[in-house]
Amino acid sequence: QVQLVESGGGLVQPGGSLRLSCPASGFNLDHYAIGWFRQAPGKEREGVSCISSSDGSTFYADSVKGRFTVSRDSAKGTVYLQMNSLKVEDTATYYCAVRGMTTARAMCILSLAMDYWGKGTLVTVSS
């Protein structure tokens, strides 16, 4: 059974950190580009950070550049999103998704159809 299951969300104060995890099961994560997306209430879903399958190149939205880091652990079949210096505006439900045959940049900015989605984990940044 193909699954992506996000975890690591929660409530954190502004300036704090969280690490999201997304283990994959039922398929080989190495064959896919992986992306983290988020959607806040009343807003469009946006690509936050993506990483390619071929060369490990990454893409970050301007709003998170320098604060978030995406990584993948092939041995564990897991992708991570390290989020530092969190801001109130980072509050959203975060989803991981995978897609074959794409670049990190295209995956994050072109609203492509994804092969698989997780169900999301809620991140709330509030004092």
Side-chain angles (χ1 to χ4, degrees):
Q1 182 180 2
V2 171
Q3 275 192 316
L4 293 168
V5 182
E6 304 93 336
S7 64
L11 174 63
V12 63
Q13 292 185 339
S17 297
L18 286 173
R19 188 176 82 153
L20 306 184
S21 300
C22 181
S25 59
F27 66 101
N28 188 338
L29 197 59
D30 287 348
H31 298 161
Y32 294 86
I34 305 158
W36 286 97
F37 299 80
R38 68 185 180 187
Q39 188 165 21
K43 294 189 176 181
E44 295 285 321
R45 184 173 61 206
E46 65 169 330
V48 174
S49 181
C50 297
I51 183 167
S52 73
S53 60
S54 56
D55 59 3
S57 58
T58 56
F59 173 87
Y60 295 94
D62 287 344
S63 57
V64 306
K65 203 171 292 183
R67 300 188 297 121
F68 289 12
T69 303
V70 64
S71 62
R72 61 195 297 164
D73 185 328
S74 294
K76 295 183 178 180
T78 301
V79 62
Y80 303 96
L81 185 67
Q82 178 67 43
M83 306 187 295
N84 298 328
S85 302
L86 282 161
K87 304 177 180 180
V88 172
E89 51 265 41
D90 293 319
T91 295
T93 298
Y94 285 71
Y95 302 87
C96 64
V98 298
R99 179 185 163 94
M101 304 295 290
T102 187
T103 66
R105 179 180 175 84
M107 185 177 189
C108 259
I109 69 173
L110 292 183
S111 299
L112 302 174
M114 299 297 149
D115 292 315
Y116 305 115
W117 283 97
K119 293 186 177 181
T121 185
L122 178 62
V123 172
T124 303
V125 185
S126 174
S127 55

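Counting only distance, with no hydrogens or angles, the side chain of Glu6 and the backbone of Cys96 share a donor-acceptor pair below 3.5 Å. Checking side-chain atoms of Ser49 against main-chain N and O of Phe59 turns up a donor-acceptor pair under 3.5 Å. Thr91 places a side-chain N or O within 3.5 Å of a backbone atom of Val125 that can act as its donor or acceptor partner.
Inter-residue side-chain proximity for Gln39 and Thr93 is flagged as unmet; no heavy-atom pair is nearer than 4.5 Å. Using a 4.5 Å cut-off on side-chain heavy atoms (C-beta onward), Ser7 and Thr121 make no contact. A heavy-atom distance below 4.5 Å is not found between the side chains of Trp36 and Ile51. With a 4.5 Å cut-off on side-chain heavy atoms, Asp115 and Val2 do not count as touching. In this structure the side chain of Val70 reaches within 4.5 angstrom of the side chain of Val79, judged on heavy atoms. For the pair Val98/Leu29, a side-chain contact is recorded, criterion being any heavy-atom separation below 4.5 Å from C-beta on. When side chains are defined from C-beta on, Gln82 counts as touching Ser17, because their heavy atoms get closer than 4.5 Å.
Leu81 and Met107 end up in different hydrophobic clusters when Ile, Leu, Val, Met, Phe, Trp and Tyr side chains are linked at under 4.5 Å.
Between Tyr116 and Phe27, the ring planes lie tilted relative to each other; the angle falls in the 30° to 60° range. Under the 30°/60° scheme for interplanar angles, the aromatic rings of Phe68 and Tyr94 are found to be tilted.
Gly35 and Cys50 get closest at one heavy-atom pair: CA-SG, 3.6 Å. Taking every heavy atom of both residues into account, Leu122 and Ala92 meet most closely at CD1-O, 3.6 Å. Across Ala61 and Gly47, no two heavy atoms sit closer than the pair CB-O, 3.5 Å. Scanning all heavy atoms of the two residues, the minimum distance from Met114 to Ala97 falls at CG-CB, 3.7 Å. The minimum heavy-atom distance linking Thr102 with Ala106 is given by the pair OG1-CB, 3.6 Å.
Within the structure, every pair that satisfies the salt bridge (Lys or Arg N to Asp or Glu O under 4.0 Å) test and touches residues 66-83, not counting sequence neighbours, is listed here: Arg67-Asp90. Screening residues 44-58 for salt bridge (Lys or Arg N to Asp or Glu O under 4.0 Å), with sequence neighbours left out, gives Arg38-Glu46.
In this structure, Ser126 OG and Leu11 CG are separated by 6.0 Å, a value rounded to the nearest 0.5 Å. Taken from CG in Leu18 to CE in Met83, the straight-line distance is 4.5 Å, to the nearest 0.5 Å. Atom OH in Tyr95 sits 12.0 Å away from atom CZ in Phe37 (nearest 0.5 Å). A distance of 5.5 Å separates NZ in Lys87 from CD in Glu89, rounded to the nearest 0.5 Å. Of the inter-residue distances, the one linking Ser25 atom OG with Gln3 atom CD reads 4.5 Å to the nearest 0.5 angstrom. In this structure, CG in Asp30 is found 11.5 Å from OG in Ser54, a value given to the nearest 0.5 Å.
Judged by the 6.0 Å distance and 45° axis criteria, Arg19 is positioned over the aromatic ring of Tyr80.
Environment of CZ in Arg99: crowded, with over 12 heavy atoms of neighbouring residues, nucleotides or ligands closer than 6.0 Å.
Looking at Ser52 and Ser57, their side chains do bring a donor and an acceptor atom within 3.5 Å of each other.
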